[in-house]
Amino acid sequence: MTDHLSGLNPEQREAVEAVDGPLLVLAGAGTGKTRVLTTRFAHILLTGRAFPGQVLAVTFTNKAAREMRLRVGAMLGRPAEGLWLGTFHALCARMLRRHAELVGLTASFNILDADDQLRLLKQVMEADGLDTKRWAPPALMAVIQRWKDRGLPPDRITAAENTDFAAGRARALYAAYQARLRTLNAADFGDLLLHMTEILRGHADVLALYHRTFRYILVDEYQDTNLVQYLWLRLLAQSHRNICCVGDDDQSIYSWRGAEVENILRFEKDFPGARIVRLERNYRSTAPILAAASGLIAHNEGRLGKTLFPGRDDATGEKVSVTGVWDSDEEARAVGGHIEQLHRDGEKLAEMAVLVRAGFQTRAFEERLITLGLPYRVVGGLRFYERAEIRDAIAYMRVLHQPADDLAFERIVNVPRRGVGEQALRALHTTARERQIPLTAAAAELIEQGGLRGKPRAAIGDLLAGFARWRETLASEGHVVVLATLLDESGYTEMLKQDKSIEAPGRLENLKELVRALADFETLAGFLDHVSLVMENDENAEGDRVSLMTLHAAKGLEFDTVFLPGWEEGLFPNQRTMDESGAKGLEEERRLAYVGITRARRRVFISHAANRRIYANWQSSIPSRFIEELPDEQVAHAGSVALRRDRMLAAPSVFTGGFPLAARRPRTVEAWEQPARPPREDAIAVGARVFHQKFGYGIVTAAEDDKLDIAFDKAGDKRVLDRFVEKV
DNA sequence: AGGTTAGTAATTTTT
DNA sequence: TTACTAACCT
């Protein structure tokens, strides 16, 4: 009976066993947070307090939800089914489909992604006669999203709130946007929470239904909740108050997305009599890493206050290394060299990560790793379902499934090019608006009545006939076959085959992958919901590779070795954050630094460059204040003494800007040089046509050992290692 | 309708 | 520097 409790430390055990009443678990980095949460879940079920369907477990990411499901299942000894376990958005979508009519939608409403949202909003703004050059749609989108984050529908926006955008037109535009969503039978991400909260607030019977259903509530990453998520939780928890929130105020790094740390700081006030358990024993990192992280985060005010201490006896280890380098190129070389050295000493590449403040920083490291021949993966970036070709294919499927999906139809009506331009589209829109019918219906009508002529008429007619045909294929052959058919018959694959750009072959591959992915779903509707809610991107996950990602993307992960480059004022802490959010922004940047350091089990390498290229020109920069804030005794300034003096002598004046290239001679350590490798067997000869993952197709112009000079069709002349190309 | 060019802007982004 | 958009040309 208590099997699942063995191996927990006293605090963890307390957090698991305090089942009744409100509980806040303050879980520092690496203190077994997930373990507590899953064990608590299993404990509730195993002690017979609730059936699986009576526990509501909320996470932020699909990944976290998947992991929890897996681990709960393992503890129960059977697959965990029938659980209300998922992300805020997925759970709300599931609930909202039951009560959609209460907010003017039907159960089969569409969930729009960021792209659709923006296009729709832009249309609304243009319809209102707003100059979208002067007033950027993304800016208004952000305003609207912040309102939704705070649980505010248009009618609850006060005049005082409404001054920011386009001289007070934001509220009216918001209302118009919501009206458009309703006519399209669609909801955006924010709506899932907003609608559900409104329903729970306004319909006592629905609220009572969920009070009866959910006897226990578990919440992960509570520090990242926004106001509407908090309201939703509070409504659901208000009768029994069996709510357990797990979080770490020191890891709150999403305030710019509407997250409010105050939610966690206020927990005791919101739930009087709440118990608070602190998890401070860290089982992940060495003592110096923990001390460095703690020393840094201590500079923040307004914390609930936790101190991480080593939970392992063997937690001695290397000091945190801080290195100053001349410029960003040297930084990339140094990091690459360290990675290579560690790899040669037997460390796994998959146990190393380079964590940067902003996405563009990964490029320098990518290039360096390519040169060194070290495999890597970039985490984040464009997700699979966000790629243009995938979104196009899905748009076709959406129209197939739901002919009234105007946004999807608009996306593909001229992709591939069919000669349908602005004119034709405007005619469709006009008819659709006048007759209050969807675009596809308007198109059919216009063709019938001769409202369209020439090329557009034939093209749109063909497309509509195509959809009719594909709908039959869907009925007879199923959704997997229809996608392949449709891509061929619409000319989409042909378009990509004709496309000579570097990306085209990859795009075709992605579409094949999409067809494969589609086979995992029983129905088209199920697949489309998955696409909206579970945008994930797992390719490249396999194999021993170095990880490159932003600090934000690294939250929740851990590695033996972590590289933290670019610790310079302006870049990290980021100037724009400080300009926009002042002292609060700085504290969030510091938490980001804290997250970065605490990702490491054994080694942390921080570096800062004296010169960095920003767009076209070089700029000199000074080390991040966070470096000074690290406790001295935990830090080893590797090689920086000489470099510091060097920098003082050679650094260009801020006023002169650039400096002669000759001064930029890096001091690359010899040991980092490329090790000799045996030549590969299927050696590629001069004149061979090859394909490179990053540079595309090209012709080999020279070969020397394992290095090839290649004239790429698009990317120009490059020298690359032979194992990165394949013969075609 | 579609391709070309000039001008502008450039974090982080769990869903 | 690059990437994207809006105006401009064919």
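Bear in mind that the values here come from a model prediction, so they are computed numbers and not experimental data. Naming: A, B, ... by sequence-line order, numbering from 1 per chain.
Spacing between atom CZ of A:Arg590 and atom C1' of B:dT12 amounts to 18 Å, rounded to whole angstrom units. Nucleotide C:dA3 holds its C1' atom 12 Å from the CZ atom of A:Arg363, rounded to whole Å. Atom pair A:Gln575:CD and B:dT12:P shows a separation of 16 Å (rounding to whole Å applied). Going from atom OH of A:Tyr594 over to atom P of B:dT12 covers 24 Å, rounded to whole Å.
Taking A:Phe41 as the reference, nothing meets the ring-ring contact (aromatic ring centres under 6.0 Å, His included) condition, with sequence neighbours excluded.
To the nearest whole angstrom, the two P atoms, one in C:dT2 and one in B:dT13, are 22 Å apart.
The aromatic ring of A:Trp256 sits over the base of B:dT12, with ring centres less than 5.5 Å apart and planes inclined by under 30°.
Among the heavy atoms of the strands, none lies under 4.0 Å from A:Glu221.
No side-chain donor-acceptor contact under 3.5 Å links A:Tyr594 and A:Arg590. A:Tyr230 and A:Glu260 are not linked by any side-chain donor-acceptor pair at a separation below 3.5 angstrom, with hydrogens and angles left out of the test.
With salt bridges taken as basic N to acidic carboxylate O contacts below 4.0 Å, one links A:Lys148 and A:Asp191.
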Distances under 3.5 Å between nitrogen or oxygen atoms of protein and nucleotides 4-10 of chain C:
none

Each nucleotide N or O in nucleotides 2-9 of chain B that has a protein N or O under 3.5 Å away: list the pair and distance.
| unit_1 | atom_1 | unit_2 | atom_2 | d |
| --- | --- | --- | --- | --- |
| B:dG2 | OP1 | A:Gly419 | N | 3.2 |
| B:dG2 | OP2 | A:Asn414 | ND2 | 3.2 |
| B:dG3 | OP2 | A:Arg417 | NH1 | 3.0 |

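Annotation: cation-pi pair A:Arg391/A:Tyr385 absent, no NZ/CZ under 6.0 Å from the ring centroid and within 45° of its normal.
You'll find that the side chain of A:Arg357 is closest to B:dT12, out of B:dA1, B:dT12, B:dT15. Considering only side-chain atoms of A:Ala424, the nucleotide from B:dA10, B:dT15, B:dA1 that sits closest is B:dA1. The side chain of A:Leu533 lies closest to B:dT15 when the candidates are B:dA1, B:dT15, B:dT12.
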